[in-house]
Amino acid sequence: MTEKTKGLRPAGGQPDKRRAILTGALALFARDGYTRASLDGIAAEAGVSSRTIYNHFKDKAQLFEAVIQESSGRVADTQIAIIDRHLSKIVDLEADLVEFGMAWVAVMDSAAAPHFALVRQIHAELEHIPQTAVDAWRETGPRRVRGELAERLGRIAERGSLRIADADRAAVHLMLLVSNDNLPYGADRRNEKELTAMVTAGVHTFLHGYRP
């Protein structure tokens, strides 16, 4: 390796190794949670050595923070794109909100499913997870997405289609009402008919509270 090539190498190791570590760590943290996941297990999942992990991250806490921040940022970008696509120009408020809701729940059962499994683990282990990691997740993901949705709902309210006193609260209500966690117990999360019925009911409830 020449001196010039050495200068181009990113600090902390090769980027493909880092990507493998982050992907393997996400899978293991999502499955086992923060407390039970070990660096040896993550190394095996990523197909690298434990020494390679330490070349990139000083400990499990730093790795977890990197995983949740990277994963949250990626999923937040996807969710914000959905907000922009479906709520930028309202033609039929109810129909547009249902389309938004269907796109929203599709993300939760897509390639982003490990992220949402990780979020469930965070909620279950909140007192055992470093606060810096929790703060990074909230700022990079939920708060950013909620802010974007609140701004969009506020604009719709300015046009008189909604009556909103607190846009942040309205955004939280809409996200909760179209979550596929509202499906009946045992329902097939991939069944489009059941998903449509669930999202439509959630939108009706939202509009009942917020439509003038």
Side-chain angles (χ1 to χ4, degrees), residues 30 68-124 126 131 133-212:
I68 192 58
Q69 193 160 13
E70 193 270 345
S71 181
S72 294
R74 187 174 63 251
V75 173
D77 287 343
T78 300
Q79 291 177 316
I80 289 170
I82 289 171
I83 293 168
D84 289 340
R85 185 163 65 249
H86 292 279
L87 302 182
S88 290
K89 185 177 180 181
I90 298 297
V91 177
D92 180 320
L93 181 58
E94 183 172 334
D96 289 337
L97 285 175
V98 170
E99 287 187 7
F100 160 77
M102 291 299 293
W104 192 262
V105 297
V107 172
M108 300 180 75
D109 283 326
S110 68
H115 169 78
F116 292 104
L118 178 58
V119 169
R120 288 191 287 273
Q121 294 284 9
I122 291 175
H123 286 304
L126 201 56
Q131 189 60 44
V134 175
D135 292 342
W137 159 60
R138 286 174 173 160
E139 289 300 325
T140 308
R143 286 176 183 162
R144 180 175 159 228
V145 173
R146 186 183 67 203
E148 293 286 340
L149 182 55
E151 182 181 1
R152 194 69 61 184
L153 292 176
R155 292 181 192 175
I156 296 171
E158 287 173 359
R159 296 196 293 268
S161 299
L162 293 172
R163 183 185 67 246
I164 295 177
D166 186 331
D168 269 357
R169 183 173 297 166
V172 171
H173 287 165
L174 181 57
M175 287 188 290
L176 290 174
L177 287 167
V178 299
S179 168
N180 55 12
D181 288 338
N182 295 323
L183 283 169
Y185 179 75
D188 183 356
R189 296 167 72 97
R190 296 164 296 179
N191 186 306
E192 188 170 353
K193 184 177 179 180
E194 291 186 347
L195 284 172
T196 302
M198 182 272 297
V199 168
T200 302
V203 168
H204 285 171
T205 301
F206 178 79
L207 291 176
H208 180 75
Y210 287 100
R211 180 172 262 166

Between D77 and R144, is a salt bridge (Lys or Arg N to Asp or Glu O under 4.0 Å) present by the stated rule, with each step listed? CA-CA 9 Å; D77 287 343; R144 180 175 159 228; 2.5 Å; yes
Distance from I90 atom CD1 to L153 atom CG, nearest 0.5 Å? 9.0 Å
Begin from the C-alpha positions of H204 and E94 and carry the test side chain to side chain contact (heavy atoms under 4.5 Å, CB included) through to its verdict. CA-CA 8 Å; H204 285 171; E94 183 172 334; 2.6 Å; yes
What's the spacing between L97 CG and D92 CG if we round to 0.5 Å? 9.0 Å
Would a 4.5 Å heavy-atom cut-off, applied to side chains only, mark R74 and E70 as touching? yes
Out of curiosity, T205 OG1 to L177 CG, how far, rounded to the nearest 0.5 Å? 5.5 Å
Residue pair F100 / L174, side-chain heavy-atom distance below 4.5 Å: yes
Who passes ring pair (Phe, Tyr, Trp, His ring centres under 6.0 Å) against F116, sequence neighbours left out? none
Close side-chain approach of E192 to M102, heavy-atom, < 4.5 Å: yes
H86 versus A103, closest heavy-atom pair with distance: NE2-CB, 3.6 Å
For the pair H173 and Y210, name the ring-plane relationship: parallel under 30°, tilted 30 to 60°, perpendicular over 60°. tilted
Nearest-0.5 Å distance that lies between atom CZ in R152 and atom CD1 in I80: 10.0 Å
Mind checking whether Q79 and E148 have side chains closer than 4.5 Å, heavy atoms only? no
If every non-hydrogen atom of H115 is compared with every non-hydrogen atom of S72, which pair is closest and at what distance? CE1-OG, 3.4 Å
Roughly how far, to the nearest 0.5 Å, is the OG1 atom of T78 from the CD1 atom of I83? 11.0 Å
How close do D168 and D166 get, heavy atom to heavy atom, and via which atoms? N-OD1, 3.1 Å
For the residue pair L93 and L162, establish whether any side-chain heavy-atom pair is separated by less than 4.5 Å. yes
Hey, could you give me the CZ/CG distance between R163 and L207, rounded to the nearest 0.5 Å? 11.5 Å
Side chain to side chain contact (heavy atoms under 4.5 Å, CB included) between T140 and I68: does it pass, once the steps are laid out? CA-CA 9 Å; T140 308; I68 192 58; over 6 Å; no
With a 6.0 Å cut-off (strictly less than), is the heavy-atom count around CZ of R169, excluding the residue itself, greater than 12? no
Which atom names give the shortest non-hydrogen contact between V105 and S179, and what distance separates them? CG1-C, 4.2 Å
Between D96 and K89, is the salt bridge (Lys or Arg N to Asp or Glu O under 4.0 Å) condition met? List the steps. CA-CA 9 Å; D96 289 337; K89 185 177 180 181; over 6 Å; no
In short, G160 meets P212 closest at the heavy-atom pair O-CG, 3.3 Å
Which heavy atom of A30 sits nearest a heavy atom of P114, and at what distance? CB-O, 3.4 Å
Hits for salt bridge (charged side-chain N to carboxylate O under 4.0 Å, His left out) against R155, two or more places apart or cross-chain, chain-then-number order -> E151
